[in-house]
Amino acid sequence: MSLRNFPQESLEVESFRTRFSAWTPFTNQSLNRQLFQERVTLITHWFGLWTNKQRREFLFTILSQCSKSQLRFLQDWFSERQQVARVDFSTVLPRSISLFIFSFLSPKDLCAAAQVSWPWKFLTEQDCLWMPKCTKFGWFLPYTPTQNEYGAWKHHYIACVSSLDWLTPREAAAVYGTLNEPKPEDEEFQERQREKCLRKIIWENIAFRKKLLFKARPPWLSGTCSRTLQSWSLPRGPQMGRDGAGFYEALERQLVLASLDALPKRSNPSGSHSYPVLLRKSHRGVGRTDDNSSGALHTYVILISSRIPAYEMVVESVKVGVVTVLYEHSGVTLEGLLHLVDRALQGRKAQSLGIFCGGNSREIDLLQGYKICIKNLLSPEVRDFWEKLGSCVATKEEGGRVDFFVPLGASEAGMEILSQLSQLTGTFFSAPTGIATGSYQHILSDWLGAQQDRPPPSNYFSESKLQAWSSFTDSLEDTLKSVRKELHPLFKNLQKSISGQIIGQLMFDALSMASILQNQDAAQTLADGLTELSKEGSDKPLEFLSYFLLKKSSKRSEEFEGSDILIERDVNVTPDPLRKERSAVEDSSQDTKSSPSQSDLNMEVLVKLEKKLKMNSVEKRTQVVRELVQSERRYVQMLGIVRDVYARPLRAALSSNRAILSAANTHIIFSDILRILDLNREFLDNLRDRLQEWSPAHCVGEIFIKFGRQLNTYTNFFNNYPVVLKTIEKCREMTPAFRAFLKRHDKTIVTRMLSLPELLLYPSRRFGEYIHLLYALRLHTPAGHTDRGDLTTAIDQIKKYEDYIEQIKENINMKEQLSDVQTIISGCPTLSGVNRYLIRIQDVVQLHCCGETMDFSLRLYEETRDLSLFLFNDALLVTSRGTSHTPFERTSKTTYQFIASVALPRILVEDIPDSKYVKNAFILQGPKREWICATEVADDKFLWLSILQTAIRSSMK
């Protein structure tokens, strides 16, 4: 081989150089591609000859050696070129097409489809699918679903279907007869025959049901509603011409009313279940023992409502030896309240009875649904209650009295209530004049009536604790809400009065009330100084505070000197009319034998009291006007806190391009409250100008009338108040800067330990104070004064807004209450309805009777499960109650499972007499089911049956 041919041969050798294999050259691309295609063809040929198992092993080997990018390429190739066999059409198609597809399904198929997946459940429970199915049968929702309410029409369809009676054609023919016969020519005659046949069948069924009731409930058994069936007579004559369904409803109504009449009445201390005759003339010895010892005559009783804010601290403030009756504001009737008083007195008579409940200068908010005012005072039920309650108190000659912790002495209507109660019961009634405004500050003001050496509150309460409670009521109630929630699992087995006293003692110990009372004035002055310091922004804070405190102390000393001079002048010129009245009453009580009657004596006392009030009307009127100006100044200061602490910093941040809130949200939250501030500042200036030149001839009513014409600002605020609260909560959740801003400023010394939503509540509270002070002004204004007519006009203006505010508050509270109940009950239907509210929750045990044919006294019962009964004003919810315990903890968690709901007009209530085998039992019978229940305590049974009876009667009106 020559040298000339060497380069060509070396190129050929280089082209056939291989890598990893002797058959794969890497420098010659064409040969490399050709060999690769041949091998792919060979492997494909082998792959076609392999079995399915061999192919899977080969694929597994190949795929296990692929990298992530190669596997991703394989996935993309499959998703683009190969159609997936199973695809959820609801996730691919538009929602309108998916809903159109689901609209062809029946209700049963829709319920089955809802169990497939969450997207299908969301689509199949839409109202647009269930509303046509409900309206097809004439089932309409009794309310309009809210924007966030979900599945309302489906729940309504299920509720309507579950209440239907399903009968097979054979069963329907056996019950109602065959009605599908061919119609004759005379359709009108055939229709009459059909109606006659239906009435005959319904009559026979009702008669048969009546026989079954007589067999199941023999009339000789005591305590059942069967004994009342003997006196029933079915309607005849024209009543039989009614519709069959209406006749059956009338009979069912009679059954319900008869079962309520058969329930036992309030039991007296001797144990009988009938009301004693409690009239004043024939009943001085009823309810008291024969032993007229001094201990029996010096019994002090205080009734405390759970509606009072921070009522636990009020219970703790009660003195040792005073009988405390803590009652629920809701879920108790007047009859039940009398029962509690009887149990507390145990046959004795009270020397003094105090009633600590809500209310104002015109009415007493004693119980839910029982606001005692001049209009309903003489109604039979209310009059009977006061007569029987007055019989539990010692007579006037023995020094007995009833004290209302409600400012009835601050208005003419309240004075009329006290006068009528005194005439009705022969007992002396007293109440505070209520000139002092604020949260329950009226109990610390002057009291009407013949006072003793000390004011009436000191007979029941420790004055220091009561004063501390009245000063911090609002903040204490907010704190106690969380305390009750934390301690409820520990105290749920205790009586409410005991647990309330424990919580109240814990609060007093934690707050160190003794030191707070001693340093209250100093703390308030220091807080004012810090507020002024924050406004001024002085460079020398200590010098500024010292100057402010010195100035404050000098001003306070001048006020004290002036008040001392006024007090000395009042003592020298106008003696205490109440003290004179007390001496007159004592002198008259010594001559009781010569006096014509006790009612005449009471009338004389009231006439003297009225004369004393007229003599002192000028001073009282001046005090009311001063209190009006001072309270208005405090109110404007609270509104100024909203402007200075919240509105101004947020607007300043907005103008400096460091916005915490947007301009729209800032306008929504603060625009109305700032307009109110401007309006009330002008109103305060007018009041101050009038007070500076005050004389008995000056008027205040015209200022209020002018103020009342501009109350549309308050109307806008109250209408937008829910939107304001929602905006605050939304911005708090969505905007971290605003959340941090509220955290820095809420519940600080400057804001008086209040948050922004709490400060926005002050306008609603202020209207109650306006009404309170206006009634007090009119009370102390003579009949011929020119200001009396203007005051009446101003009261009418302000009262309209107060009623409007109270209605808004009640609606919000009812909605929150229903929402909370629906949240804690699993499987609960929709509870939101028009004017529906919760009355009472009662925990019971369900019993099973082992021998229904035996006499009641010999029947044996066994407990099956725990139940909780939720009583509303139109329905009763029956739920099962379960308790789960956490290991190594004393607390437990209670769960509720919905069982049934029954309309109140369709409930039969039957009492089961106590025996040695069962105690505190009763029967609740609905249209389809019945429950034998028992309470733990006899008082719970009586209170439950009493409120249930009242609710059923109210729902049937």
Side-chain angles (χ1 to χ4, degrees), residues 294-327 329 337-338 340-346 348-359 364-366 389-390 392-394 396 398-409 418 421 427-434 436 439-473 476 495-498 500-505 507-508 513 517 578 582:
S294 60
L297 289 178
H298 288 83
T299 302
Y300 291 90
V301 181
I302 181 69
L303 304 180
I304 301 177
S305 171
S306 63
R307 187 74 176 268
I308 299 297
Y311 66 88
E312 293 92 347
M313 303 189 70
V314 179
V315 174
E316 172 57 22
S317 303
V318 177
K319 288 184 176 180
V320 178
V322 178
V323 180
T324 305
V325 179
L326 178 62
Y327 68 93
H329 178 265
L337 188 57
L338 284 173
L340 295 177
V341 174
D342 281 348
R343 292 295 298 270
L345 290 174
Q346 297 179 354
R348 300 173 295 174
K349 276 199 172 183
Q351 177 73 17
S352 180
L353 176 68
I355 301 177
F356 204 122
C357 60
I364 307 168
D365 190 7
L366 189 63
L389 185 65
C392 300
V393 186
K396 183 63 175 295
E398 297 172 344
R401 58 185 293 156
V402 177
D403 298 319
F404 286 112
F405 287 78
V406 180
L408 296 178
L418 295 176
L421 287 176
T427 305
F428 186 78
F429 286 80
S430 177
T433 57
S439 181
Y440 289 90
Q441 295 287 331
H442 55 266
I443 61 178
L444 304 176
S445 62
D446 298 332
W447 282 64
L448 295 175
Q451 296 187 0
Q452 301 174 356
D453 298 336
R454 52 186 182 179
S458 60
N459 294 330
Y460 310 97
F461 300 102
S462 171
E463 293 183 1
S464 60
K465 291 184 177 180
L466 190 63
Q467 184 179 2
W469 168 83
S470 62
S471 302
F472 303 98
T473 304
L476 289 176
Q495 295 182 4
K496 191 164 186 177
S497 58
I498 298 176
Q501 190 172 1
I502 294 174
I503 294 175
Q505 182 62 43
M507 291 296 296
F508 277 121
M513 278 299 169
L517 288 174
L578 299 176
R582 180 172 61 85

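Because the structure is predicted, anything quoted here is derived from the model rather than measured.
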*For the residue pair Trp469 and Met313, what are the closest heavy atoms and their distance?*
CD1-CB, 4.0 Å

_Heavy-atom closest pair, residues Ser458 and Lys319_ = O-NZ, 2.5 Å

_My understanding is that only residues two or more places apart in sequence, or in another chain, count here; which of them pass side chain to side chain contact (heavy atoms under 4.5 Å, CB included) with Ser305?_
Arg307, Ile308, Tyr327, His329, Cys357

*asked:* side-chain contact (heavy atoms from CB on, under 4.5 Å) for Val323 and Leu345? Distances and angles first, verdict last.
replied: CA-CA 8 Å; Val323 180; Leu345 290 174; 5.8 Å; no

*asked:* Within this structure, what is the CG-CZ distance for the pair Leu366 and Phe404, rounded to the nearest 0.5 Å?
replied: 8.0 Å

*Do you know the tightest heavy-atom contact between Gly358 and Val406?*
O-CG2, 3.8 Å

*asked:* Pair Leu353, Thr427 - check side-chain contact (heavy atoms from CB on, under 4.5 Å), show working.
replied: CA-CA 11 Å; Leu353 176 68; Thr427 305; over 6 Å; no

*Taking all heavy atoms of Ser306 and all of Leu326, pick out the closest pair and write down the distance.*
N-CD1, 4.4 Å

*Ile302/Phe461 under side-chain contact (heavy atoms from CB on, under 4.5 Å): CA gap, chis, key distance, verdict*: CA-CA 9 Å; Ile302 181 69; Phe461 300 102; 3.8 Å; yes

*Between CG of Leu421 and CG of Leu408, what distance do you get to the nearest 0.5 Å?*
8.5 Å

_Leu389 side chain near Ile355 side chain, heavy-atom distance below 4.5 Å_ = yes

*Heavy atoms only: give me the nearest Lys349-Thr299 pair and the separation to one decimal.*
O-CB, 4.0 Å

*Provide the closest heavy-atom pair for Val301 versus Tyr460 in the form atom of the first, atom of the second, distance.*
O-CE2, 3.5 Å

*Measure up the Phe405 and Phe356 rings against each other and bin them: parallel (under 30°), tilted (30 to 60°), perpendicular (over 60°).*
parallel

